[in-house]
*Asks:* 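This is the structure, below, for whatever I ask next.
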Amino acid sequence: MDKNPKSEIRNPKFNYMAIRIGNYQLGPGAILLAVAVLGGCLYVAARQFGIWEKLSPKTDVSKTEQTLERTEDIKRENLPVTDVKPPKPTTDDPEVTIGIWTWQAQSALIDAVGGTGKSGDHPDSLLYQAGIKNTKLIVENDTSKQVEMLASNNIQFVTTTGDQSAVDIAGANKLLRGPKAKVVWSGGYSSGEDALMGPESWKKDPQSAKGALIVTAVPYCDFNVVVNWAADNKIPVNPDEKVYNPDAINFVNATDHIEAAQKFIANAKVSLKNVKTGQTEDRSIDGVSTWTPGDVMAAQGRSSVIYKDKTEKLQKIISTEQYSAMMPNILFTTEDFIKKHPEYIETLLRCLARAGAKIKSDPNYFKTRVAALNAQVFNMEGKGPSFWAKYYDIVEDNGVRLGGSRVNDIADNRHLFGVGSNKPLADSVFGISYNEHGKRLQKLLPERMPSFTPVDQVVDLTFVKKMSDEVGEVKTETGNSSQVNSGNTVVKANFDINFDPGSSELKPSEIAKLNEIRSLLIRASNTKIIVEGHTDNTGDAGKNIELSKARAQSVWTWLKASDESRVNINDQRIISVDGYGSLNPVAGTKDAQTSEEKAKNRRVTIVLK
């Protein structure tokens with residue numbers, strides 16, 4: 001009889017998989033069906049009781065793009081050569097290391113050096129052509145470590161931000177034993193990437209963020225974004241990470257912007273003592289304050305938030321797109337290095353000014369050359385040239401605006417530091433950012449920063465003033481934010497500006513309050529403005545409306561005149577200047593108000609959109 005080889009293989013296997021239950025024998029198909037049904041039941045049960053999430057491995061969102069690009073695949077010989085004209089070559093070429101962050105506002109510096117290694121390794125770099133061959137970059141996002149390296153002469157320049165510079169310079173001067181740290185340049189600005197992200201209801205009504213728990217790196221620049229926004233909206237801030245205040249914004253600390261995003265995505269419960277009830281509660285993380293690529297990670301890794309029992313879309317609430325002047329990139333060195341190497345510093349800064357002007361004027365230059373150099377220097381897994389090219393400008397992904405940086409040239413520096421203005425340095429854009437955030441941090445965290453160096457002692461403008469022959473153009477975003485006319489409110493705050501009865505003339509006693517408004521409008525330069533005048537219920541209602549309009553106009557006229565450059569505060573930003581008399585009291589009623597309530601109702605309201 002002929003043998004069937006296939007049957008000899010198949011039949012024993014079928015017999016092996018058969019199971020007899022009583023008088024019934026189950027074949028392999030029935031067995032697989034039973035296993036599938038049982039497995040499905042177990043899966044549903046695991047999901048229902050939260051067991052599945054605990055057993056499932058967490059996805060590291062920071063690595064989700066690592067298969068797309070590898071920085072080691074970048075071929076330098078394929079990059080276009082810089083065509084920026086170098087300044088006159090210098091013979092002063094000391095060994096210099098410049099500390100930087102993973103931040104594209106430093107793109108002109110990275111381009112000028114030529115990328116990784118020493119500038120002398122790159123004959124096509126601007127520094128090499130200007131005679132500087134011994135300068136290199138080191139990435140360190142922890143500025144306190146940069147400051148320690150500066151004090152021990154392991155690096156010669158530190159990178160920080162305008163809002164954070166009071167903290168970092170105070171730390172440097174403590175180690176240097178005197179006010180020896182000096183700001184010499186600004187490489188660019190964060191222009192959207194540093195942001196508070198949370199439930200989109202916060203955009204409509206900032207006050208709804210009371211009671212939120214936000215993860216960020218305390219007390220650094222992204223912490224300042226939250227504190228800035230909260231203070232301008234008169235929302236209390238709780239800086240104590242051990243307790244929870246339901247009437248304030250609360251914080252969970254992270255080491256840096258990447259860990260902040262990772263903690264937000266993981267959303268592990270945080271046990272905090274409620275200051276009102278005295279009870280320890282497990283709370284979810286409601287928001288994150290971070291910068292690129294942290295904002296991209298957060299948006300991709302946790303696109304919705306359950307806030308106060310309601311599921312909401314994760315959205316950028318406030319960022320340096322609106323607070324466009326709060327976070328300039330700042331480069332500082334020591335007084336001793338300035339004295340020893342003035343020619344080197346001038347040549348370096350001229351190279352940075354020219355590289356910045358080139359990047360501003362030629363977007364293709366950034367995309368084809370500088371983005372690749374940034375990728376090599378930052379060396380973040382999965383973040384290659386296309387990632388940094390994409391997020392240099394603000395990009396809208398799934399309705400969320402991500403990324404956003406810009407670079408500076410000489411004109412931007414002159415504007416930032418108020419060169420040519422009759423006002424003191426404290427009234428410049430840098431002075432406002434430095435002082436405002438320094439004072440807030442000193443008040444919130446006195447043990448971290450008991451004092452900080454006066455702004456006129458931390459800036460050396462010798463080089464910026466000397467470089468008047470360099471060419472540049474101020475590019476400041478004012479009133480172009482996507483939030484304008486969207487129904488969203490950046491800031492709504494009342495200011496008690498006192499006027500004499502029946503008068504709209506501003507009194508000298510109110511200048512401090514007017515300067516507070518001026519500071520707000522400059523820090524949040526990329527917003528539109530509504531100025532509202534209000535009165536108490538004394539006198540004729542019709543006359544009160546006209547009086548309140550006149551008072552609002554007086555305030556706006558003063559604010560415009562306070563900005564000599566007309567760059568940050570101008571009529572292009574105005575939505576309306578109007579008065580409402582006694583129609584909208586914030587205390588008492590339209591008909592009945594105590595003297596104390598009348599005082600609260602006599603006010604000017606500033607709304608930023």
*Asks:* Check the pair T290 / D295 against side chain to side chain donor-acceptor pair (under 3.5 Å), numbers first and verdict last.
*Replies:* CA-CA 6 Å; T290 183; D295 60 341; over 6 Å; no
*Asks:* Could you check whether E321 and N526, counting side-chain N and O atoms only, form a donor-acceptor pair closer than 3.5 Å?
*Replies:*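 Per modelled atom types, N526 and E321 side chains form no pair under 3.5 Å.
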*Asks:* Pick out which of V490, T489, V607 makes a side-chain contact (heavy atoms from CB on, under 4.5 Å) with T527.
*Replies:*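 The single option meeting the side-chain contact (heavy atoms from CB on, under 4.5 Å) with T527 is V490.
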*Asks:* So, N233 versus Q207: side-chain donor-acceptor pair below 3.5 Å or not?
*Replies:*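 Short answer, no.
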*Asks:* In sequence, state the C-alpha distance, the side-chain angles, and the governing distance for D232 and Y323, and then conclude on side chain to side chain donor-acceptor pair (under 3.5 Å).
*Replies:* CA-CA 11 Å; D232 290 337; Y323 282 117; 2.7 Å; yes
*Asks:* Less than 4.5 Å apart, any side-chain heavy atom of K609 and any of I575?
*Replies:*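 Heavy-atom side-chain distance check passes, below 4.5 Å.
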*Asks:* Test the R602-F499 pair against the cation-pi criterion, namely NZ or CZ under 6.0 angstrom from the six-membered ring centroid and within 45° of the ring axis.
*Replies:*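 No cation-pi geometry.
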*Asks:* Can I get a per-line list of side-chain donor-acceptor pairs under 3.5 Å for residues 447-454, giving both atom names and the distance, sequence neighbours left out?
*Replies:*
from : atom 1 : to   : atom 2 : distance (Å)
T453 : OG1    : N173 : ND2    : 2.9

*Asks:* Just jot down the side-chain hydrogen bond (donor to acceptor under 3.5 Å, both in side chains) partners of S428, sequence neighbours excluded, or say none.
*Replies:*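 Once residues adjacent in sequence are excluded, S428 has no partner under the side-chain hydrogen bond (donor to acceptor under 3.5 Å, both in side chains) criterion.
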*Asks:* What is the minimum heavy-atom distance between D427 and I432, and which atoms define it?
*Replies:*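 That would be O-CD1, 3.8 Å.
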*Asks:* Got T216 and V288 here, is their nearest side-chain heavy-atom distance under 4.5 Å?
*Replies:*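 They are not in contact (no side-chain heavy atoms under 4.5 Å apart), so the answer is no.
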*Asks:* Is there a donor in the side chain of N374 and an acceptor in the side chain of S107, or the other way round, less than 3.5 Å apart?
*Replies:*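 Yes, a side-chain donor-acceptor pair sits under 3.5 Å.
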*Asks:* Quick one: CG on D163 to SG on C221, what's the gap to the nearest 0.5 Å?
*Replies:*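 Answer for the CG-SG pair, D163 versus C221, is 6.0 Å.
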*Asks:* Any chance CD1 of I306 has more than 12 other-residue heavy atoms, nucleotides or ligands included, within less than 6.0 Å?
*Replies:*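 Count not over threshold, so no.
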*Asks:* Check whether any side-chain heavy atom of I318 lies under 4.5 Å from a side-chain heavy atom of V225, and answer yes or no.
*Replies:*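 Of all side-chain heavy-atom pairs linking V225 with I318, at least one is under 4.5 Å.
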*Asks:* Can you confirm whether or not the ring centre of W103 sits under 6.0 Å from the ring centre of F378?
*Replies:*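 Centroid distance W103-F378: not below 6.0 Å, so no.
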*Asks:* Pair N584, H534 - check side chain to side chain donor-acceptor pair (under 3.5 Å), show working.
*Replies:* CA-CA 7 Å; N584 300 317; H534 302 273; 4.5 Å; no
*Asks:* Would you call E281 and R283 a salt bridge, taking side-chain N to carboxylate O under 4.0 Å as the test?
*Replies:*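 Salt bridge flag = yes for R283 with E281.
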*Asks:* Would you say that V158 contacts L331 through its side chain, given a criterion of any heavy-atom pair below 4.5 Å between the two side chains?
*Replies:*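 V158 vs L331: side chains apart.
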*Asks:* Rounded to the nearest 0.5 Å, what separation is found between the OH atom of Y244 and the OG atom of S271?
*Replies:*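 Y244 atom OH to S271 atom OG measures 13.5 Å (nearest 0.5 Å).
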*Asks:* Without hydrogens or angle criteria, can the side chains of S186 and N329 be said to hold a donor-acceptor pair below 3.5 Å?
*Replies:*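 Not at all, the side chains of S186 and N329 share no donor-acceptor pair under 3.5 Å.
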*Asks:* What orientation do W291 and H257 show, parallel under 30°, tilted 30 to 60°, or perpendicular over 60°?
*Replies:*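 W291 vs H257 ring planes: parallel.
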*Asks:* Check side-chain contact (heavy atoms from CB on, under 4.5 Å) between K276 and all other residues, then give those that pass, not counting sequence neighbours.
*Replies:*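 Checked K276 against side-chain contact (heavy atoms from CB on, under 4.5 Å); matches are P246, D247, N274.
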*Asks:* Looking at residues at least two apart in the chain, or sitting in another chain, which of them share a ring pair (Phe, Tyr, Trp, His ring centres under 6.0 Å) with W229?
*Replies:*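 Residues passing ring pair (Phe, Tyr, Trp, His ring centres under 6.0 Å) with W229: none at all.
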*Asks:* Could you tell me the separation between the CG atom of D578 and the CD atom of Q553, rounded to the nearest 0.5 Å?
*Replies:*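 So the CG of D578 and the CD of Q553 are separated by 10.0 Å.
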*Asks:* Using the test salt bridge (charged side-chain N to carboxylate O under 4.0 Å, His left out), find all partners of K308 that sit at least two apart in sequence or belong to another chain.
*Replies:*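 Here no residue qualifies.
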*Asks:* I need the minimum non-hydrogen distance between S548 and Y580, along with the two atoms involved.
*Replies:*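 Heavy-atom minimum between the residues: OG-N, 3.1 Å.
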*Asks:* Taking only residues two or more places apart in sequence or in another chain, which ones pass side-chain contact (heavy atoms from CB on, under 4.5 Å) with D256?
*Replies:*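 Only I258, E259 meet the side-chain contact (heavy atoms from CB on, under 4.5 Å) criterion with D256.
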*Asks:* Side chains of R573 and N568: is there a donor and an acceptor less than 3.5 Å apart?
*Replies:*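 No, no side-chain donor-acceptor contact under 3.5 Å.
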*Asks:* Could you report the tightest heavy-atom contact between T159 and I100, atom names first, then the distance?
*Replies:*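 For T159 and I100, the tightest heavy-atom pair comes out as OG1-CA, 3.7 Å.
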*Asks:* Does either side chain, that of T320 or that of E193, offer a donor lying less than 3.5 Å from an acceptor on the other one?
*Replies:*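 Side chains of T320 and E193: no pair found under 3.5 Å.
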*Asks:* Give me the atom names and distance for the closest heavy-atom approach of S565 to H415.
*Replies:*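 The answer is OG-CE1, 3.3 Å.
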*Asks:* At their closest point, which heavy atom of L425 faces which heavy atom of V455, and how far apart are they?
*Replies:*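 Scanning both residues completely, I find the closest heavy atoms to be CD2-O, 3.5 Å.
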*Asks:* Residues two or more places apart in sequence or in another chain: which of them pass salt bridge (charged side-chain N to carboxylate O under 4.0 Å, His left out) with D397?
*Replies:*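 So D397 forms a salt bridge (charged side-chain N to carboxylate O under 4.0 Å, His left out) with K390.
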*Asks:* Using side-chain contact (heavy atoms from CB on, under 4.5 Å) as the criterion, list what pairs up with K269, not counting sequence neighbours.
*Replies:*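 Per chain and number, K269 pairs via side-chain contact (heavy atoms from CB on, under 4.5 Å) with D282, S284.
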*Asks:* S421: which residues meet the side-chain contact (heavy atoms from CB on, under 4.5 Å) condition with it, sequence neighbours left out?
*Replies:*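 Once residues adjacent in sequence are excluded, the partners of S421 under the side-chain contact (heavy atoms from CB on, under 4.5 Å) criterion are K423, E564.
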*Asks:* Salt bridge (Lys or Arg N to Asp or Glu O under 4.0 Å), that's the test. Do K513 and E510 meet it? Break it down for me.
*Replies:* CA-CA 5 Å; K513 294 175 184 176; E510 305 308 295; 3.5 Å; yes
*Asks:* Is it true that atom NZ of K492 has more than 12 heavy atoms of other residues, nucleotides or ligands lying nearer than 6.0 Å?
*Replies:*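 12 or below, so no.
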*Asks:* Can you establish whether the number of heavy atoms outside K145 located under 6.0 Å from its atom NZ is more than 12?
*Replies:*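 No, the 6.0 Å shell around NZ holds no more than 12 heavy atoms from other groups.
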*Asks:* When you compare the side chains of R551 and S504, does any donor N or O come within less than 3.5 Å of an acceptor on the partner?
*Replies:*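 Per modelled atom types, R551 and S504 side chains form no pair under 3.5 Å.
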*Asks:* Please lay out, stage by stage, how D409 and K360 fare under the test salt bridge (Lys or Arg N to Asp or Glu O under 4.0 Å).
*Replies:* CA-CA 8 Å; D409 59 20; K360 286 174 63 175; 3.0 Å; yes
*Asks:* Not counting sequence neighbours, which residues clear side-chain hydrogen bond (donor to acceptor under 3.5 Å, both in side chains) with S304? List them please.
*Replies:*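 Testing S304 for side-chain hydrogen bond (donor to acceptor under 3.5 Å, both in side chains), a comparison that skips the adjacent residues, returns none.
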*Asks:* Locate the shortest heavy-atom distance separating G162 from I330; write the atom from each residue and the value.
*Replies:*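 Looking at all heavy atoms of both residues, the shortest contact is N-CG1, 3.6 Å.
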*Asks:* To the nearest 0.5 Å, what is the distance between CD on Q322 and CG on N488?
*Replies:*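 Atom-to-atom, Q322:CD and N488:CG are 9.0 Å apart.
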*Asks:* Between atom CD1 of I517 and atom CH2 of W556, what is the distance when rounded to the nearest 0.5 Å?
*Replies:*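 If I round to the nearest 0.5 Å, the distance is 11.0 Å.
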*Asks:* Do the non-hydrogen side-chain atoms of V400 and Q315 ever get within less than 4.5 Å of each other?
*Replies:*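 V400 vs Q315: side chains touch.
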*Asks:* Going through the distances and angles, do N250 and N238 end up as a side chain to side chain donor-acceptor pair (under 3.5 Å)?
*Replies:* CA-CA 5 Å; N250 305 271; N238 168 32; 2.8 Å; yes
*Asks:* Under the side-chain hydrogen bond (donor to acceptor under 3.5 Å, both in side chains) rule, collect the residues that match up with N141, sequence neighbours excluded.
*Replies:*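 If we apply the side-chain hydrogen bond (donor to acceptor under 3.5 Å, both in side chains) test to N141, skipping adjacent residues, the hits are T102.
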*Asks:* Heavy-atom distance under 4.5 Å between the side chains of K234 and N494, does that happen here?
*Replies:*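 No. Closest side-chain heavy atoms not under 4.5 Å.
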*Asks:* CD1 of I530 to CG of L608: how many Å apart, nearest 0.5 Å?
*Replies:*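 Result: 9.0 Å between the selected atoms.
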*Asks:* Taking the ring centre of each residue, are F332 and F157 less than 6.0 Å apart?
*Replies:*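 F332 vs F157: aromatic centres not under 6.0 Å.
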*Asks:* Can you sort out the partners of K560 under side-chain hydrogen bond (donor to acceptor under 3.5 Å, both in side chains), two or more places apart, ordered by chain and number?
*Replies:*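 With sequence neighbours excluded, K560 shows a side-chain hydrogen bond (donor to acceptor under 3.5 Å, both in side chains) to D571, given in chain and number order.
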*Asks:* Taking atom types as modelled and ignoring hydrogens, do the side chains of D222 and S289 form a donor-acceptor contact shorter than 3.5 angstrom?
*Replies:*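 No, S289 and D222 have no side-chain donor paired with an acceptor closer than 3.5 Å.
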